[in-house]
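Here the structure comes first, spelled out in structure tokens, and everything after it is commentary.
The sequence lines fix the lettering, A, B, ..., with proteins before strands; numbering per chain opens at 1.
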Amino acid sequence: MTLEPSVVAEPDLVQLLTPEGVRVEHPDYAIDVHDEQLRSLYRDLVLVRRLDSEATALQRQGELGLWASCLGQEAAQVGAGRALREQDMSFPTYREHGVAWCRGVDPLTLLGLFRGVNLGGWDPADNNFGLYTIVIGAQTLHATGYAMGVQRDGAVGSGDPEVDTAVLAFFGDGATSEGDVNEAFVWSAAANLPVVFFCQNNQWAISEPVERQTRVPLFQRASGFGFPGVRVDGNDVLACLAVTRAALEHARSGQGPMMIEAFTYRMGAHTTSDDPTRYRVSAELEKWRLRDPIERVRSYLVRSTDTDADFFTDLDAESERLAEHVRAGCRALPDPEPLSVFDTVYVDAPVELMEQRDTYAAYLDSFVPAGAS
Amino acid sequence: MTLEPSVVAEPDLVQLLTPEGVRVEHPDYAIDVHDEQLRSLYRDLVLVRRLDSEATALQRQGELGLWASCLGQEAAQVGAGRALREQDMSFPTYREHGVAWCRGVDPLTLLGLFRGVNLGGWDPADNNFGLYTIVIGAQTLHATGYAMGVQRDGAVGSGDPEVDTAVLAFFGDGATSEGDVNEAFVWSAAANLPVVFFCQNNQWAISEPVERQTRVPLFQRASGFGFPGVRVDGNDVLACLAVTRAALEHARSGQGPMMIEAFTYRMGAHTTSDDPTRYRVSAELEKWRLRDPIERVRSYLVRSTDTDADFFTDLDAESERLAEHVRAGCRALPDPEPLSVFDTVYVDAPVELMEQRDTYAAYLDSFVPAGAS
Amino acid sequence: MAAVTLAKAINAGLRRAMEDDPKVVLMGEDIGKLGGVFRVTDGLQKDFGEARVIDTPLAESAIVGAAVGLALRGYRPVCEIQFDGFVYPAFDQIVSQVAKMHNRSRGAVRMPITIRIPFGGGIGAVEHHSESPEAYFAHTAGLKVLTCATPADAHVLIRQAIATDDPVIFFEPKRRYWVKGEISDDLSVPMHEARVVRPGTDCTLIAYGPMVATALDAATAAEADGHDLEVIDLRSLSPLDTATILASVERTGRLVVVHEASVSFGLGAEIAARVQEKAFYSLQAPVLRVGGFDTPYPPSRVEEEWLPDVDRILDAVDRSFTY
Amino acid sequence: MAAVTLAKAINAGLRRAMEDDPKVVLMGEDIGKLGGVFRVTDGLQKDFGEARVIDTPLAESAIVGAAVGLALRGYRPVCEIQFDGFVYPAFDQIVSQVAKMHNRSRGAVRMPITIRIPFGGGIGAVEHHSESPEAYFAHTAGLKVLTCATPADAHVLIRQAIATDDPVIFFEPKRRYWVKGEISDDLSVPMHEARVVRPGTDCTLIAYGPMVATALDAATAAEADGHDLEVIDLRSLSPLDTATILASVERTGRLVVVHEASVSFGLGAEIAARVQEKAFYSLQAPVLRVGGFDTPYPPSRVEEEWLPDVDRILDAVDRSFTY
Ligand SMILES: Cc1ncc(C[n+]2csc(CCOP(=O)(O)OP(=O)(O)O)c2C)c(N)n1
Ligand SMILES: Cc1ncc(C[n+]2csc(CCOP(=O)(O)OP(=O)(O)O)c2C)c(N)n1
Ligand SMILES: [Mg+2]
Ligand SMILES: [Mg+2]
């Protein structure tokens, strides 16, 4: 039997809220959201965009060494982040500031590595949010292993919503080419692990368009490994929420992995070091601006709910407070002590390393001007 | 859109000659073979099995350090090997003795690495047959790169059968889990390369059944990357020939990669170092013995063609001569000189390495009894 | 206790670790029913089940990457890499994740991962089955690197490696898997301590893993020439027990380091560098190195010539005495 | 010729190599329209087309593995690894294929592959962007390992690397990409020759890549103390030009080796081991090493403290003079 790949030129996206702000239904992914929840999602979107733009500004001011903006991807990240239950684990790349936000991570926690005062430095267990991972794709295998642990702990398919646990692994379109990501697919499928692979296809891997990585839509990749794949409008927070919820439930209930391709767009540069004018045209940007993830929710709230002006004014104020928190907090992040580089290399540090530390400490002391100690 | 993987419990195999030796037709893969060609295929199958069993015997006698038998997989290898045109390139694992045979490689050439007198030691360009590759999956990327070269040389889609070139990459069921193999799929698909991925699913990766690697049939993997996959009866030399021919033509004509899963069985141990009784039951072996790749061709030749007894007697004699060639040739393979380890590390060897060599040479000389030089 | 093979000593250590801590899981290719190609995990899947002795897909990067995830979930994974030459696909996960995650989290997460690797040559194998990649890992901050030369050490060290909260690359001398010796439950010897396996006065030989036995043979042979050699088994390659090394060299004044790995940029280089720095005035001769040549591991029919042996060690010892 | 940046010097070298040999192809992530994250391949895709300047999928093992295949088809691939920390996924293809294929074929096939890697720290980058993995490759038989410290050398060495039929790992000192200097077409200096960049009489400093400038600064500063330091730029890390090193140490009697990589098991170890062996009686002090600490590369806000600098080099020089 020959299986011809079913190439769908423009495959349907799961969409529940059009770019114009109109609610539509989807046969597979129904969602029942109250206006209050919608406002709450809107709040997240707005605040995530705000903290992101604040960080970009801080980089320009020299307060951060680098920033990887999530501009344009807020709906994908908030939708996915809000679908998680407390016990679920998530493994981000370096761009999931919106997921971090939904998990309750203080944005300042994220800034450390971009400022260069640490390499991440948070505890994944604090918010069930993994450390930012810069090596493309590596975290998908960590998600796989974590899901093995979940499975061994009996926290899959028990039917108890407090117990059953899924793992959500984030990665980009470019990452789908890495061996690690495909090995994660292999293993999760073969072992029927409770992991959801959430690919934000933002159309670019730095300067390379997604066509450099694949000639078919990425969500189709999953079927080759034997698990379902779905493409969702990554700029539609409702659709992302509904689809991720369903996928996580699929995983928690013991049906194994699922892949989600959130079709979205990187509205900014790859990072603050990047210059996208060298490789892409502004027309593309204009097209995607019309599909803005926040604008459509605002339209809906204004037109189809009784959200009053106070809500928006209050949110503006909250947004300002967050921005101030980010700015002030960033500047206050202390530089590490030179000797701190030795602190956490090992749990049980070798004598020789401690000697190296002591020698260096003595060397540093030798610069202290006489009488200054 | 959600793509549910189309799980086919027992997907059809392309089959053109049943285990009972009955010719059947397949809508997609017609083949027109004369009796003479069938005899020639039969001859290859028989001789490959003979050289393989001779090598196994030589290992038992201590003449080889190791042998990886292709017993049971002769049809897959001869079918694939015979489908190649002279200009096509092939990249084997360590088990493709049947492909080597079809490419015109003297079996003795293969024995060197198993005897331990070299690490392969042949020139891939001699017969367009790559070096045996022991690191699982690595050669699939070499095939990918070679195919890039073919594409750059304009040797794809020209319509000239002397020019258009395909690349055939062999690997096992276990290998499908390696990152390298999946990266080869990614790249070949994205760049539309003239490469055919030929997976011999012999049901086992040493002691691990194929279920450890996948929960869906392996030929489906290709569709996730956007190219066709086909499962063929790997014990049917006609089907393997027809399908590989078609796939190579697909590649040569510029339509990009294809994947073939040859469904077969490793009748022997993984290698002579392995003890399969620890992990598999003989009933499975019995089942597969009924699907023997050689027996069915013999049945067909005897029953449905005018092949006379002389053909079989002559082949027996030829087989004996081949065995003798292998035995005698193997024993005659010279051990390498100790100093030869320095010979081919670099094309342009560093002075320091040559000094290391000279020092070692002097050291060796110091053992020569006085007056013995 | 009765004498057991080195392979069995590790097997018993793994068993004990699994009994002591339900979070210990083993993962690797063919470690289940087959018990591993060297039978080191023989019987463990039968006794501890498929959830704790895991036959993995054929993907080394995944084996190590999944171990990282398991560790994050509170497990204590022990990975088997089938042969030394197959650890390289996992190199990225080892160097960039296993070694760095604890530090990346500023100590919040721990990586109690043990990666077992049968290493070294001398068993007549084909390419990639006789490598000595230990220097790559010793040069990688965040990892600890252990070896063993006897059943007794193998048993204790594997248990210590699993028990420690730092990641350990555990090199097993595959050609010594069948050597027999007694094992004991005494875990009191510190994991990173080198051991003087033969005291001597004239020259120090340092070896580890498969070369310890060869070094001891050389020391015995040297007696005939009236040389009393001291032999040190490093056991720990990272960190190095520099104190034990220096104490010996300060007494003997001479040092020869032996390993199978290519001599350049190998363990011997680091040891020579440290010793000439820290024992500058004690050295009566330069530190000399005996190792594999700076070539790929050779075809097996010539491996005995390529590998350091008693004669090549003695040749170096003799050269040392010429100073 | 006018002065150009080191990045531009490599760019010009790549261009020249592509003009000279139609089989030269470049491959890597973002090397096309973007010209690479450091713009080293700027303009080359425009001039040589997408078939010869290839934006690859995001898969380092594939980049190197495909280069092997291209080499087998008669091409001369030049791979760019975007940052030092991303070479590890390709480690298996480099160590087991690129380095060994020529030998596996007993000389029948050649691997004229150049793997360019921007390396080292000091640019304020995030994790994995400041690594110094050169020792891993120097320890791997079958590879040649080059570095460059000036535009002139960068230009010549990249052309020599591409022209040679052996595989070369080519380390580019990323924090010196913007340093300017003249370049020339004179390819007569042998590829593996070290260069005395500052003659001196009292103590030798050995450095390579980004540390050469730092070593020169240290030598200048030492003049104030009345010390005349000799500075050697290794250029080739494998093979090492031991002759040049020994000639210098035999004159000065003292040696300090400087590199960014973690000091243990790094280049300094091999150099110390060779020098103490080959120049035993010339050394008036032990070979001292100044390198990164045995920790992962630190957060950028503390990298200037972690990296060797003029003061730490002079501190080592002073210690050398105490002997
Ligand atoms: C293994 C590895 N190779 C290369 C890089 C350099 N790099 C950083 S981000 C990036 C592109 C990633 O693209 P994608 O996966 O689509 O994620 P996005 O940045 O678009 O969110 C590259 C090549 C890296 N971080 N890791
Ligand atoms: C990277 C790597 N890991 C592990 C091995 C050890 N090994 C050799 S053959 C083999 C199983 C291969 O199975 P499969 O791909 O199905 O090929 P088969 O041997 O069945 O033909 C393994 C695990 C290896 N050679 N290379
Ligand atoms: Mg992207
Ligand atoms: Mg198999």
For this session: Ignoring hydrogens and angles, state whether a donor on the side chain of C:Gln93 or A:His142 is under 3.5 Å from an acceptor on the partner side chain.
Result: yes

Problem set entry | Top of A:Asp153, A:Asn118, A:Leu113 for chain C proximity - count of heavy-atom pairs under 4.5 angstrom | A:Asp153

Exercise. Out of A:Gly120, A:Gly121, A:Pro350, which one racks up the most heavy-atom pairs below 4.5 Å with chain C?
Worked result: A:Gly121

Exercise. Donor-acceptor pair, A:Glu183 side chain versus C:Ala62 backbone, under 3.5 Å?
Worked result: yes

Exercise. Under the criterion side-chain contact (heavy atoms from CB on, under 4.5 Å), which of C:His102, C:Lys144, C:Met111 is the partner of A:Tyr346?
Worked result: C:Lys144

For this session: Indicate yes or no for a side-chain donor-acceptor contact from C:Asp165 to the backbone of A:Val347 under 3.5 Å, with no hydrogens or angles considered.
Result: no

Exercise. Salt-bridged, A:Asp343 to C:Arg106, with N to O below 4.0 Å?
Worked result: yes

Problem set entry | Heavy-atom contact with chain A under 4.5 Å, split by part of C:Leu58 | neither

For this session: Could you have a look at A:Val150, A:Thr144, A:Leu353 and say which one has the most heavy-atom pairs with chain C under 4.5 angstrom?
Result: A:Val150

Problem set entry | Residues C:Arg104, A:Thr344; criterion side chain to side chain contact (heavy atoms under 4.5 Å, CB included); working and verdict | CA-CA 8 Å; C:Arg104 184 177 303 142; A:Thr344 55; over 6 Å; no

Exercise. Would you call C:Arg110 and A:Asp348 a salt bridge, using N to O less than 4.0 angstrom?
Worked result: no

Exercise. By number, which residues in residues 157-166 of chain A have some heavy atom less than 4.5 Å away from chain C?
Worked result: A:Thr165

For this session: Check side-chain contact (heavy atoms from CB on, under 4.5 Å) between C:Ser96 and all other residues, then give those that pass, not counting sequence neighbours.
Result: A:Val135, C:Asp92, D:Tyr88, D:His128

For this session: Examine whether an atom of C:Ala67 lies under 4.5 Å from a heavy atom of chain A, and if so say whether it belongs to the side chain, the backbone or both; otherwise answer neither.
Result: neither

Exercise. Hey, mind stepping through C:Ser105 and A:Asp123 against side chain to side chain contact (heavy atoms under 4.5 Å, CB included) and telling me if it holds?
Worked result: CA-CA 6 Å; C:Ser105 73; A:Asp123 186 343; over 6 Å; no

For this session: For side chain to side chain contact (heavy atoms under 4.5 Å, CB included), just list the numbers for A:Arg152 and C:Ile54, CA-CA rounded to whole Å, side-chain angles, deciding distance to a tenth of an Å, and then say yes or no.
Result: CA-CA 12 Å; A:Arg152 275 152 186 76; C:Ile54 306 161; 3.4 Å; yes

